[in-house]
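Ligands are counted one by one from 1 in listed order, and the atoms in each one are counted from 1 as well.
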Amino acid sequence: MRHRIIIHFGELTLKGQNRREFVKKLRQNVRKKLQAMGFGADSGWDVVAIHDRMFVEVPEDYQTDIETVLQAIAEIPGIAWLTHVYWFSAKQYDLFHPQPDLTFIDQLVEKLGQETYHEGASFAVRVKRADKRFAMGSKALEKRLATVLLKNTPWKTVNLKHADQFFYVEISSRGLAVFTNRIKGAGGLPVSSTGRVLTLLSGGFDSPVAAWLMARRGCNIDLIHFTANHVRAHDLESYKVSRIARRLSEIAGKVRLIMVPYTHFDLALMDKGLDYDLMLFRRFMARVAARVADELHAQALVTGDNLGQVASQTLENIVSMTKAIDYPILRPLLAYDKDEIIAHSQRLGLFEICKEPYKDCCALISNNPKTRTYHDRLQAVEERFFPEYQELVQQTLDERQQLTYVFGQRHMPRQPQPAEPEPIHSAKP
Ligand code: ATP
Ligand code: MG
């Protein structure tokens, strides 16, 4: 018997021409994620795409809990559902013998019955026989396996239509597969199939969820964070925002986190007594982020803005941030309720990190933000009070630091190679 993980694409099947490309991306993402977990193709974890699905071949000498691998794959965008399959090859088990020995199926179904039993639940057995060379009819096999479960396990109630627990057997010309309930995947589209975005990441709950939503729609996500102070190199990885980036990368693959200090702008703002400080700062963030996005070839910025969630998130303020730059700003959470955002954050394992106390700059800068601002007015203030605006942007960019994660692993930039010594040519006569 072999173990396999069968992956179904869901939405991908709708994509006609692009489908091949999407399947290729998804396969790459699954392979890279497995590799990052230590299950590379070189150790026998093969990922194979067939016409309407994909499967992961678990090596015979695997040494891990397959459930953990299943849960990890389920997070990858582009997967509708997946399931752990027990696979018996037709040849090895002599499936098409006129009187095949089926005790191996009885034993497996009994074991799965013991493992999945829960009090008060009902079950059903479903058999699909695609290759009629298999001697036993599907109804007869369903009956046989249901009897095994009723006799040898605590299962008592059969419900053919609306069972809580299904036991499936599928027989094809190549072999026989046994599996139980499917696991729901993340849905959406494979990362790297729709574009690249740069998310303004704060230490709060919203922006990480916004970044994840874009990754689930197939975008590569990079992140930019404005810090209150310069973070020392050896503190970078343990920093709250870095841990958020790392967790996001476990789902979204390669994620670059750019950190810039906002001190230059903060100092310039000080003593000016302007009562627009929050929105002036937001516009500054947008301008710095747009410069970084341009360098990273990101097509749009993303924020975790949510209409009306806090006093500063009025439509007027959102518009006056948008008008500060030419770059489009996407706000996937704009129309969400807070409890929906929190539910996502919890399910994604981000909540525990995001709830740690953290002094974000927007909280530091303004306790009493203006609720309605307008682009023209803000622009006039910027021109009058910040003649050195471009230098502030440049100084901020000059102090940037970068961390790169690939499926949860820190990726170190390649060290520049020492220059080769110049060859000494002997002078030609
Ligand atoms: P979040 O939970 O993401 O912090 P929020 O509801 O607390 O969102 P604000 O703190 O007002 O809202 O920030 C709105 C958005 O501005 C954030 O979602 C994020 O995209 C961006 N932002 C805020 N602070 C920072 C920061 N320090 N660095 C980068 N982006 C930021
Ligand atoms: Mg915040």
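Only the backbone of L201 comes within 4.0 Å of ligand 1, judged by heavy-atom distances. At a heavy-atom cutoff of 4.0 Å, ligand 1 is contacted by no atom of T227, backbone or side chain.
Using a 4.0 Å cut-off between a side-chain N of Lys or Arg and a carboxylate O of Asp or Glu, E60 and R2 qualify as a salt bridge. Residues R174 and D131 are not paired through a salt bridge, judged by the lack of any N-O separation under 4.0 Å between the basic side chain and the carboxylate.
Within ligand 1, the atoms closer than 4.0 Å to a non-hydrogen atom of D305 are 14 (C), 15 (C), 18 (O), numbered from 1 in the order shown. Shown in contact with G204 at under 4.0 Å from a heavy atom are these atoms of ligand 1, numbered in order with element: 1 (P), 2 (O), 4 (O). Atoms of ligand 1 lying under 4.0 Å from at least one heavy atom of Q309, given by number and element, are 6 (O).
Inclusion of I224 in the set of residues having an N or O under 3.5 Å from an N or O of ligand 1 is not warranted. Where the criterion is an N or O separation shorter than 3.5 Å, residue side chain and backbone included, K338 fails it with respect to ligand 1. Between F226 and ligand 1, at least one pair of N/O atoms sits closer than 3.5 Å. At least one N/O-N/O distance between Q313 and ligand 1 falls below 3.5 Å. Checked by distance only, ligand 1 and F205 come closer than 3.5 Å through their nitrogen or oxygen atoms. Geometrically, ligand 1 and M285 share no nitrogen or oxygen pair separated by less than 3.5 Å. When only interatomic distances are considered, the shortest N/O to N/O separation between T303 and ligand 1 does not fall below 3.5 Å.
When atom types are taken as modelled, the side chain of D222 and the backbone of H297 share no donor-acceptor pair closer than 3.5 angstrom.
With 3.5 Å as the limit, one finds no donor-acceptor pair spanning the side chains of T180 and T116.
Each ring-ring contact (aromatic ring centres under 6.0 Å, His included) pair with one or both residues in residues 174-193, not counting sequence neighbours, appears once here: Y168-F179.
Note on ring orientation: taking the six-membered ring where Trp is involved, the planes of F205 and F351 are parallel (angle under 30°, cut-offs 30° and 60°). Ring geometry for F265 versus F386: interplanar angle under 30°, hence parallel rather than tilted (30 to 60°).
Interatomic distance, CD1 of I353 versus CZ of R243, reported as 6.0 Å (0.5 Å rounding).
When the heavy atoms of R282, R331, M321, H225 are ranked by distance to atom 16 (O) of ligand 1, first place goes to R282.
No close placement of the H84 and Y62 rings is indicated, their centers lying 6.0 Å or farther apart.
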